[in-house]
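Notes follow the structure.
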Amino acid sequence: MNALAATNRNFLRASRILGLDTKVECTIPKDDGTLVSYVGFRVQHDNARGPMKGGIRYHPEVDPDEVNALAQLMTWKTAVANIPYGGAKGGIGCNPRELSLSEQERLTRVFTQRIHDLIGIHRDVPAPDMGTNAQTMAWILDEYSKFHGHSPAVVTGKPIDLGGSLGREAATGLGVVFATEALLAEYGKSISNMKFVIQGFGNVGSWAARFLYERGGKIVVISDITGAIENPNGIDIPALVKHKEGNENLKDFPGGNVMDPNDLLVHECDVLIPCALGGVLNKENAADVKAKFIVEAANHPTDPEADEILSKKGVVILPDIYANSGGVTVSYFEWVQNIQGFMWEEETVNRELKRYMRKAFGDIKGMCKTHECNLRMGAFTLGVDRVARATMLRGWEA
């Protein structure tokens with residue numbers, strides 16, 4: 001055990017002896033009157049560049065290590081996007097599908113009561129994540145305001161009626177498309193007539209698919225948790241969206257043939273866009289990937305081993321800390337609007353998002369040129385450099 005590991009071990013043991021913990025226990029009455037307890041987390045990584053920012057997820061397997069990693073990732077992501085935030089992340093170990101709406105509300109309010117002194121407009125600004133949504137943010141806003149007065153800027157991703165921003169729902173998917181446009185332009189290409197494979201048809205994947213379709217992109221394969229479909233002539237995305245809105249399974253869509261979801265990542269295409277889970281590209285399948293470009297709309301979809309294999313093959317990877325930063329960028333716009341008390345038109349939101357995404361891509365390319373590295377290292381060196389400079393300017397290095 002090296003000195004750093006030993007020090008961390010001793011710190012954790014001392015914290016346990018003192019009763020200090022990164023967790024909060026949330027006990028609520030269920031609808032049947034029984035009591036149940038859940039464990040929640042809020043990890044704050046860095047605030048050198050501004051208030052910390054990050055989602056809150058409700059999932060049965062909320063893991064402290066993963067939450068820590070995602071909090072750190074948010075620090076670099078906000079720095080790459082050049083918005084004045086640091087990184088945080090949180091969650092509760094629960095299955096929201098097994099909770100009624102009233103149980104979810106009670107759980108959210110108790111969690112907010114436990115952490116209200118840790119979050120704040122200029123301290124830490126939560127947002128929705130896996131298993132949470134605009135309604136969850138509305139409950140957090142209301143409960144926080146009981147302690148601190150009406151504070152719409154304390155969370156982002158809120159309902160429009162409570163100060164949410166126009167364009168926020170589509171922001172991550174639209175940001176992915178702006179990032180893809182910037183990447184393809186570097187190679188003299190455009191979205192029109194390019195073949196796309198999209199893994200995931202949730203919020204990010206569905207909006208990305210819509211915007212790609214509008215720009216003439218041909219989505220030949222798409223999947224969700226129910227399965228995958230393919231159509232070599234391109235899937236009719238507006239028809240698929242309407243099909244899904246009718247609560248129909250994606251694999252039952254008549255405009256495509258059912259295929260094995262395991263074959264999706266290695267399907268023939270120009271651009272592969274993973275929009276679902278992390279670690280889907282690994283050493284087992286990387287060598288078989290046929291895409292020329294990979295745009296990481298999900299968080300860490302590419303394992304380090306796969307990264308090396310794909311790079312040797314000449315596959316260009318647009319990293320997650322840039323590619324999916326559209327959501328947090330428009331969250332920043334929402335925060336700004338709430339503080340100003342002046343809301344923007346959706347056209348303004350989308351125009352500003354495009355400007356930020358293009359500027360960030362140019363900054364990443366600049367780091368790639370300076371350090372002779374790929375896009376992932378270009379993005380990380382950009383983010384780390386901005387955080388390091390802010391830390392030094394504040395005199396924290398001493």
Side-chain angles (χ1 to χ4, degrees), residues 16 19-45 52-74 87-120 124-147 154-159 162 164 169 172 200-205 224-226 247 275-279 298-300 327-328 331:
R16 292 190 191 102
L20 304 178
D21 209 335
T22 58
K23 305 186 290 288
V24 293
E25 187 170 331
C26 303
T27 302
I28 61 164
K30 297 199 74 177
D31 291 342
D32 63 7
T34 60
L35 293 178
V36 61
S37 291
Y38 300 96
V39 174
F41 302 86
R42 187 64 181 173
V43 175
Q44 298 171 324
H45 178 255
M52 291 163 285
K53 189 85 182 77
I56 291 178
R57 56 177 51 186
Y58 288 0
H59 192 272
E61 297 176 7
V62 166
D63 176 72
D65 289 338
E66 183 185 34
V67 172
N68 266 294
L70 292 171
Q72 183 179 151
L73 202 64
M74 284 300 298
K89 205 75 174 183
I92 300 177
C94 69
N95 187 344
R97 294 182 180 182
E98 295 178 355
L99 298 173
S100 69
L101 195 64
S102 60
E103 289 168 344
Q104 289 182 44
E105 178 178 356
R106 288 195 287 275
L107 179 58
T108 301
R109 290 185 182 277
V110 169
F111 182 54
T112 306
Q113 290 165 17
R114 300 286 186 273
I115 68 167
H116 76 90
D117 279 335
L118 301 176
I119 62 175
D124 181 357
V125 184
D129 201 288
M130 187 187 303
T132 58
N133 54 29
Q135 178 60 74
T136 317
M137 297 304 106
W139 293 327
I140 293 175
L141 163 61
D142 183 66
E143 196 64 29
Y144 179 87
S145 295
K146 291 177 183 177
F147 295 92
V154 73
V155 289
T156 59
K158 302 180 295 294
L162 289 177
E169 183 185 352
T172 307
F201 202 65
N203 176 270
V204 180
D224 70 359
I225 57 172
T226 69
N247 293 317
C275 299
L277 302 171
N299 284 327
H300 54 80
V328 72
S331 277

Partner set under salt bridge (charged side-chain N to carboxylate O under 4.0 Å, His left out) for [X], not counting sequence neighbours:
| X | result |
| --- | --- |
| Lys53 | none |
| Lys146 | Glu143 |
| Asp129 | Arg57, Lys89 |

(request) Verify whether one side chain among Thr172 and Asn203 offers a donor that lies under 3.5 Å from an acceptor in the other. (result)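 Their side chains do not contain a donor-acceptor pair, so the 3.5 Å distance test is not met.
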Please find the pair of heavy atoms, one from [X] and one from [Y], that lie closest to each other, and give the distance.
| X | Y | value |
| --- | --- | --- |
| Ala276 | Gly200 | CB-CA, 4.3 Å |
| Cys275 | Gly205 | SG-CA, 3.8 Å |
| Phe111 | Gly91 | CZ-O, 4.3 Å |

Spatial distance of atom [atom1] ([X]) from atom [atom2] ([Y]) [nearest 0.5 Å]:
| X | Y | atom1 | atom2 | answer |
| --- | --- | --- | --- | --- |
| Cys94 | Leu107 | SG | CG | 5.5 Å |
| Leu73 | Glu66 | CG | CD | 10.5 Å |
| Ile28 | Tyr38 | CD1 | OH | 5.5 Å |
| Lys23 | Ile92 | NZ | CD1 | 14.5 Å |
| Asn299 | Leu277 | CG | CG | 11.0 Å |

(message) Please determine whether side-chain contact (heavy atoms from CB on, under 4.5 Å) holds for the pair Val67 and Arg42, giving the CA-CA distance in whole Å, both sets of side-chain angles, and the decisive distance to 0.1 Å.
(response) CA-CA 8 Å; Val67 172; Arg42 187 64 181 173; over 6 Å; no
(message) According to salt bridge (Lys or Arg N to Asp or Glu O under 4.0 Å), does anything in residues 92-103 pair up with another residue at least two apart or in another chain? List the pairs.
(response)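 The answer is none; no pair qualifies.
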(request) Answer whether the closest heavy-atom distance between the side chains of Asn95 and His59 falls below 4.5 Å. (result)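 Counting from C-beta outward, Asn95 and His59 never come under 4.5 Å.
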Would you tabulate the side-chain donor-acceptor contacts of residues 134-142 under 3.5 Å, counting partners in other chains and residues two or more places apart, or write 'none'?
from	atom 1	to	atom 2	distance (Å)
Thr136	OG1	Asn133	N	3.1
Thr136	OG1	Asn133	OD1	3.1
Asp142	OD2	Arg109	NH1	2.8
Asp142	OD2	Arg109	NH2	3.2

Indicate yes or no for a side-chain donor-acceptor contact from [X] to the backbone of [Y] under 3.5 Å, with no hydrogens or angles considered.
| X | Y | result |
| --- | --- | --- |
| Thr112 | Thr108 | yes |
| Arg106 | Pro29 | yes |
| Gln104 | Leu99 | yes |

(request) Would you indicate whether Ile225, at its atom CD1, is surrounded by more than 12 heavy atoms from other residues, nucleotides or ligands within a distance under 6.0 Å? (result)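 Counting other residues, nucleotides and ligands, CD1 of Ile225 stays at 12 neighbours or fewer.
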(message) Run the side-chain contact (heavy atoms from CB on, under 4.5 Å) test on Val328 and Met74 for me, step by step, so that the C-alpha distance in whole Å, both residues' side-chain angles and the decisive distance to 0.1 Å come before the verdict.
(response) CA-CA 9 Å; Val328 72; Met74 284 300 298; 3.6 Å; yes
(request) May I have the step-by-step check of side-chain contact (heavy atoms from CB on, under 4.5 Å) for Leu118 and Asp124, ending in yes or no? (result) CA-CA 7 Å; Leu118 301 176; Asp124 181 357; 5.7 Å; no
(message) Going by side-chain hydrogen bond (donor to acceptor under 3.5 Å, both in side chains), name the residues that satisfy it together with His116, two or more places apart in sequence or in a different chain.
(response)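 Partners of His116 under the side-chain hydrogen bond (donor to acceptor under 3.5 Å, both in side chains) test: His148.
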